[in-house]
Enquirer: 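Mind having a look at this structure? Questions to follow.
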Amino acid sequence: MGTKKKTKPSRGRKKPRTSADQALALDYVRAWAHPTPPPEPSADAVDGFLPPHAARMACGGGANVLFELHSHSNHSDGFLSPSALVERAHRNGVTVLALTDHDTMAGIPEAMSAAHKCGIRIIPGVEISALHSPREIPGAGEPVHILAYYGMCGPSRFDELDNMLLNIREGRYLRAKNMLAKLNSLKVPIKWEHVTKIAGEGVAPGRLHIARALVEAGYVDNVRQAFNKYLGNDGPAYATGSEPFTETVVQMISRTGGISALAHPWSLKNPDAVIRSLKGAGLHAMEVYRSDGKVDGFSQLAEKYGLLKLGGSDFHGKGTKDETDVGEVKLAITTLCSFLEMARPIWCSAMKDILLKFAEEPSAANLGKTLKFGQLSNPDGFAPIDSDILE
């Protein structure tokens, strides 16, 4: 009588998370996202022989923690103001919102003020335009967007980051004019005043603003058609601006105390080459999850290069039926825990740098820079004497 052979566990498979792991992750994330501790388990829950983490869930401590890590306001190419975006996110059950406008952090203070009233947290962020060019030829290469996530006080060495963003925004004006010139040569004239009116005062015009102008002028039926026909990366009216190289952007994010993540890698022609290069520059994460689930192949790429798997709605507030709403991409609690475990020490170090610079020169101007993204009192939501507040 033969004996059955024991099957060896596959080395490539990760050990599944247990309910205890998930409960610990939930506690960790909730402690950061919801500073107010959950109510104590009721007597009924305890008498019912529920384990501690299940008892906490029974009394409300297990409510979902919903992070939105990719959103835009009208400070770049979104349709809603930062306040309106925060209010919409709150209605949708978002607990933590990252505002990641294109090449600007100007909307963060307003978002933080609105979030304080709603009782949700803001992660100061930005989506930085870059070019991937292996030979680093200026103006040549593949467009790449890199998300940056910062702690409560924003970036350390903010002036360095701001100068980079300012240069990109100035290049966007030239880029938009070049696109209009190309459209004009295609017998599709669009007035500059039309585009800047759509973009709004002080907002660097982007492709979405030009796309909206094309729709309003009647040349295309919708924004998607404008990109497919004219403005896509390979479109006849596409133009580059003054975007820095991808490696430079990733290194800048690291130097200023942020977490870097590759945005929508499925739009890249050769994602493996780009990801390999960015990993060497210090990339922390990449988007893998969308509203329609995990994108085939990109989860494996993240594992191949040891990158954290993230995702977000990329919400702009266009009001179309096919747009993913803010908060619709729901990340697993263990993913959120891994994100915070990676981010908090980096954010803590950045805040220490900011405070040390202020201590060296405690001027009113430096105080303004320190409080640029919100009030400093109890910044991490824990007791002021807790060492964890420095992030």
Side-chain angles (χ1 to χ4, degrees), residues 70-85 87-88 99-108 110-111 126-131 139 142-145 162 164-244 263-264 267 313-326:
H70 195 162
S71 65
H72 298 275
S73 77
N74 60 3
H75 279 267
S76 62
D77 59 350
F79 285 66
L80 303 180
S81 69
S83 297
L85 174 64
E87 290 167 6
R88 185 182 185 95
L99 176 57
T100 54
D101 276 322
H102 292 283
D103 308 314
T104 181
M105 299 184 77
I108 300 296
E110 181 185 338
V126 60
E127 184 173 3
I128 305 177
S129 305
L131 284 177
E142 184 174 11
V144 176
H145 288 179
D162 197 41
M164 173 183 278
L165 299 178
L166 177 60
N167 187 56
I168 297 172
R169 292 198 303 274
E170 289 177 346
R172 290 170 78 89
Y173 284 95
L174 178 61
R175 175 198 192 200
K177 289 181 178 179
N178 288 339
M179 286 184 172
L180 294 193
K182 290 185 177 184
L183 286 170
N184 189 59
S185 68
L186 295 168
K187 310 299 183 185
V188 185
I190 295 291
K191 292 183 178 180
W192 175 251
E193 293 76 17
H194 190 178
V195 174
T196 55
K197 182 179 179 181
I198 291 174
E201 186 178 355
V203 177
R207 281 188 289 178
L208 185 56
H209 301 125
I210 298 175
R212 289 169 59 186
L214 286 168
V215 174
E216 291 181 8
Y219 293 116
V220 293
D221 295 331
N222 51 55
V223 167
R224 183 185 296 275
Q225 191 179 68
F227 273 81
N228 290 340
K229 193 171 182 180
Y230 298 111
L231 304 175
N233 292 349
D234 295 317
Y238 178 75
T240 59
S242 56
E243 296 89 352
H264 36 73
S267 65
S313 69
D314 196 7
F315 179 75
H316 286 75
K318 292 178 285 189
T320 57
K321 292 181 179 179
D322 61 340
E323 182 179 26
T324 302
D325 203 354
V326 62

Enquirer: Does any part of the side chain of H75, heavy atoms only, come nearer than 4.5 Å to the side chain of P82, both counted from C-beta?
Expert: yes
Enquirer: Among H70, H72, H209, exactly one meets ring pair (Phe, Tyr, Trp, His ring centres under 6.0 Å) together with H102. Which residue is that?
Expert: H72
Enquirer: Applying side-chain contact (heavy atoms from CB on, under 4.5 Å), can you list everything that pairs with S242, at least two apart in sequence or on another chain?
Expert: N167
Enquirer: Could you list all the salt bridge (Lys or Arg N to Asp or Glu O under 4.0 Å) pairs where at least one residue sits in residues 200-215, not counting sequence neighbours?
Expert: none
Enquirer: How many angstroms lie between CG in L80 and CG in L85, if you round to the nearest 0.5 Å?
Expert: 6.0 Å
Enquirer: Is there side-chain contact between L183 and I210, with heavy atoms separated by less than 4.5 Å?
Expert: yes
Enquirer: Which pairs, with at least one residue in residues 175-193 and sequence neighbours excluded, count as a salt bridge (Lys or Arg N to Asp or Glu O under 4.0 Å)?
Expert: none
Enquirer: Just jot down the side chain to side chain donor-acceptor pair (under 3.5 Å) partners of H145, sequence neighbours excluded, or say none.
Expert: E127
Enquirer: May I ask you to decide if D314's main-chain N or O and S71's side chain share a donor-acceptor pair within less than 3.5 Å?
Expert: no
Enquirer: In chain order, what residues pass the salt bridge (charged side-chain N to carboxylate O under 4.0 Å, His left out) check against D77, with sequence neighbours excluded?
Expert: none
Enquirer: If you take all heavy atoms of P244 and S129, which pair is closest and at what distance?
Expert: CD-O, 3.5 Å
Enquirer: Is any side-chain heavy atom of V188 closer than 4.5 Å to one of L214?
Expert: yes
Enquirer: Heavy atoms only: give me the nearest F315-V326 pair and the separation to one decimal.
Expert: CD1-N, 3.5 Å
Enquirer: Taking only residues two or more places apart in sequence or in another chain, which ones pass side-chain contact (heavy atoms from CB on, under 4.5 Å) with L166?
Expert: R169, E170
Enquirer: Looking at residues at least two apart in the chain, or sitting in another chain, which of them share a side chain to side chain donor-acceptor pair (under 3.5 Å) with S185?
Expert: none
Enquirer: Taking all atoms of both residues into account, what is the closest heavy-atom pair of F227 and A211, and its distance?
Expert: CE1-CB, 3.7 Å
Enquirer: If you look only at pairs with a residue in residues 213-229, which of them pass as a side-chain hydrogen bond (donor to acceptor under 3.5 Å, both in side chains), with sequence neighbours excluded?
Expert: H194-E216, R224-D322
Enquirer: CD1/I128 to CD/E243 distance, rounded to the nearest 0.5 angstrom?
Expert: 12.0 Å
Enquirer: Going from NE2 on H316 to CZ on F79, what distance comes out if it is rounded to the nearest 0.5 angstrom?
Expert: 8.5 Å
Enquirer: If you compare all heavy atoms of D101 against all heavy atoms of S76, which two are closest, and at what distance to 0.1 Å?
Expert: OD1-OG, 2.7 Å
Enquirer: Not counting sequence neighbours, which residues clear side chain to side chain donor-acceptor pair (under 3.5 Å) with S313? List them please.
Expert: E68
Enquirer: Would you compute the distance between atom CG of L231 and atom CG of L208 and round it to the nearest 0.5 angstrom?
Expert: 9.5 Å
Enquirer: My understanding is that only residues two or more places apart in sequence, or in another chain, count here; which of them pass side chain to side chain donor-acceptor pair (under 3.5 Å) with S83?
Expert: E110
Enquirer: Of the non-hydrogen atoms in W192 and A176, which two are nearest, and what is the gap between them?
Expert: CZ3-CB, 3.6 Å
Enquirer: Applying side-chain contact (heavy atoms from CB on, under 4.5 Å), can you list everything that pairs with N184, at least two apart in sequence or on another chain?
Expert: P189
Enquirer: For D325, give me all partners under salt bridge (charged side-chain N to carboxylate O under 4.0 Å, His left out), at least two apart in sequence or on another chain.
Expert: R88
Enquirer: Taking all non-hydrogen atoms of both residues into account, name the closest pair between V220 and A226 and its distance.
Expert: CG2-CB, 3.8 Å
